[in-house]
Amino acid sequence: MQNRVLARLLTLAAAVASVGARHSAPHQSALRQLPALTPHDSALHALNRLAYGPRPGEVDAVAADGVMNWIDHQLSPDQLDDRLVAERATTFRILRYDPGDLARLYAAASKERRERQQGGEEEQMGRRLAGEVEQLVVVRAALSRRQLYEVMVDFWANHFNVFFGKGADRVLAPSYIEETLRPRAFGKFADLLIATARSPAMLFYLDNWESAAPGSTPPALTRPRLRAHPWFGRGRYVPGFSREPAQADSQRQRALERMPKGINENYARELLELHTLGVDGGYTQQDVIAVARIFTGWSIKRPLQGGGFEFHDWAHDYGEKTVLGVRFPAGHGMDEGVRLLKLLASLPATMHHVSRKLCQQLVNDEPPDGCVDDAVAAWKRSSGDMREVVRAIVHGPDFWAPENIRAKVKTPLEFVVSAVRVVGGDPDTTPRLAQVVARLGQPLYRHVAPDGYPEREEAWVNSGALLDRMNVAVALAAGRLPGVTVALDAVAPATADAEQLIAALNDGILGGTMSGNTRRVIREQLADAPDPVAARALAVGLTLGGPEFQRQ
């Protein structure tokens, strides 16, 4: 039996890939001939694309209340009662610690490792807290009523990606998510851009905290004019160091060796290429250098101790710069960085680049030009209010066009969370579900490159990855997936009647889109599972692992 199930799972995996190929084809005339969406279909589409999928009974509830009403509520998340998630979040200890607390915790763990006391209480706590950051994403996505808000937080976390595994970002990144991204997910893009530029996590990740004008030296390391000292005589006292001249010179030399040697272009390049203009945004290498000069001095106070943003005027390049033909006069400090960020946020290339990524996230991997145009127009009208940009996308015709329905493959996070939601799952606070997402290829906040996880289906569609998803789906439905409990009674009756199960799952999970191949697989596998409870679990697992559920 196990071999037959494996063979069928492989067949279904191939079906997912083939469906993806059909949806990616240049001509989709067959899809365009589909009839207009019913209220039920519209509700299912909105919940699949603007949320992490429906929970049991939610499609009917949204259809009855009106899908546009639901969307309007989602665009005003502060008005939605989300006490369940707020209460669950209080059990995550990571939210009780600021970066300084986390720095001390990791420092204690490092000291224990150096002393070869592996497995100490502090080290174990450090590991648990790191896992909590990732699990909190899964819990919020699975349980929150503010679904579109959580989708947008994930979008910005990818757009302004920070790799949590880099040095001090272990302690700086949690506050980056909670204090920089989440409060601004539906705000003005310029405000979000400035907040990420000032974020210690971003400054450390892209090395801007070390960027300094060539030849600059901190005041504390500059030798003062030699003068007599009442204790040591003329020329012997160096402020901030030992009063012993030899030791003072040695400390000063070591500090100078640790100082940045000049300008670092990493943040400047990613700011232009990824965060704002896009790779085809019209900037040059000279623009990158000028931007890097503008951000010299944007730094962190003791990053390894969880310090906050700090502007080092001594490290700033006060000379004149020109970016994209715009002159930045000499003599300005931190203010010229803010001016540049506001300029970038208002440029047509930025509007187009970010709007296209939003349309790719919410509509299609190949965003329709009309969707991008609607988003850009809303950006201009609202001065970059992301709530209005998203509103324009979801109110536009492209979002509801038949060719864009079920046209995207779910990322591992979307797949795991949508599967948990559709079976009424309740995730716990251990990192086990987040670890499942990681095993499927998307360790949260662990994408090393600054471009974030890809949105296009090519990154996620291959037979091995899809078979892994199906194994997860079968384990979830059988109650064997650690970290979550399920409620299959809300999905389908416990019966060995294949036709009854197929009808219930086709309606309750797939919205009437179950293919003949999936039906055939379920019928054949239920012949070996006469027990009603086991039959239901197997049928649910095969449905969740099938090609129809993989798409949204």
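The 12-atom threshold is not exceeded at CD of Gln79, counting heavy atoms of other residues, nucleotides or ligands nearer than 6.0 Å. Heavy atoms of other residues, nucleotides or ligands lying less than 6.0 angstrom from CZ of Arg96 number more than 12. More than 12 heavy atoms of other residues, nucleotides or ligands sit less than 6.0 Å from atom CZ of Arg456. Atom NZ of Lys342 is surrounded by 12 or fewer heavy atoms from other residues, nucleotides or ligands within 6.0 Å.
Using a 4.5 Å heavy-atom threshold, the side chains of Gln135 and Val139 count as touching. Considering only heavy atoms from C-beta on, Leu50 stays 4.5 Å or farther from Val151 through its side chain. Contact check for His332 versus Arg339: no side-chain heavy atoms found under the 4.5 Å cut-off. Val461 places a side-chain heavy atom less than 4.5 Å from the side chain of Leu466. Between Leu95 and Pro174, every side-chain heavy-atom pair lies at or beyond the 4.5 Å cut-off. No side-chain heavy atom of Asp365 sits under 4.5 Å from any side-chain heavy atom of Val409. Using a 4.5 Å heavy-atom cutoff, the side chains of Arg182 and Tyr149 are in contact. Using a 4.5 Å cut-off on side-chain heavy atoms (C-beta onward), Arg184 and Met386 make no contact.
Smallest separation of non-hydrogen atoms from Leu143 and Arg55: CD2-NH1, 4.0 Å.
Between Phe295 and Trp298, the ring planes lie perpendicular to each other; the angle is over 60°, past the 30° to 60° tilted range. Under the 30°/60° scheme for interplanar angles, the aromatic rings of His316 and Tyr318 are found to stand perpendicular. Aromatic ring pairs are classed by plane angle as parallel below 30°, tilted from 30° to 60° and perpendicular above 60°; the pair Phe189 and Trp156 is tilted.
A donor-acceptor pair shorter than 3.5 Å cannot be found between the side chains of Gln361 and Arg49. Asp426 and Thr485 share no side-chain donor-acceptor pair at under 3.5 Å.
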From CA spacing to verdict: salt bridge (Lys or Arg N to Asp or Glu O under 4.0 Å), Arg140, Glu178 = CA-CA 13 Å; Arg140 283 168 165 164; Glu178 297 298 322; 2.9 Å; yes
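Under the side chain to side chain contact (heavy atoms under 4.5 Å, CB included) criterion, Arg446 pairs with Ala130, Glu134, Phe163, Phe164, Pro443, Tyr453, not counting sequence neighbours. The side chain to side chain donor-acceptor pair (under 3.5 Å) test applied to Ser355 returns no partner, not counting sequence neighbours.
Within the structure, the disulfide bond (SG atoms under 2.5 Å apart) test picks out the following pairs touching residues 323-359 (sequence neighbours left out): Cys359-Cys371.
Relative to the ring axis of Tyr52, Arg421 does not place its NZ or CZ within 45° and under 6.0 Å from the centre.
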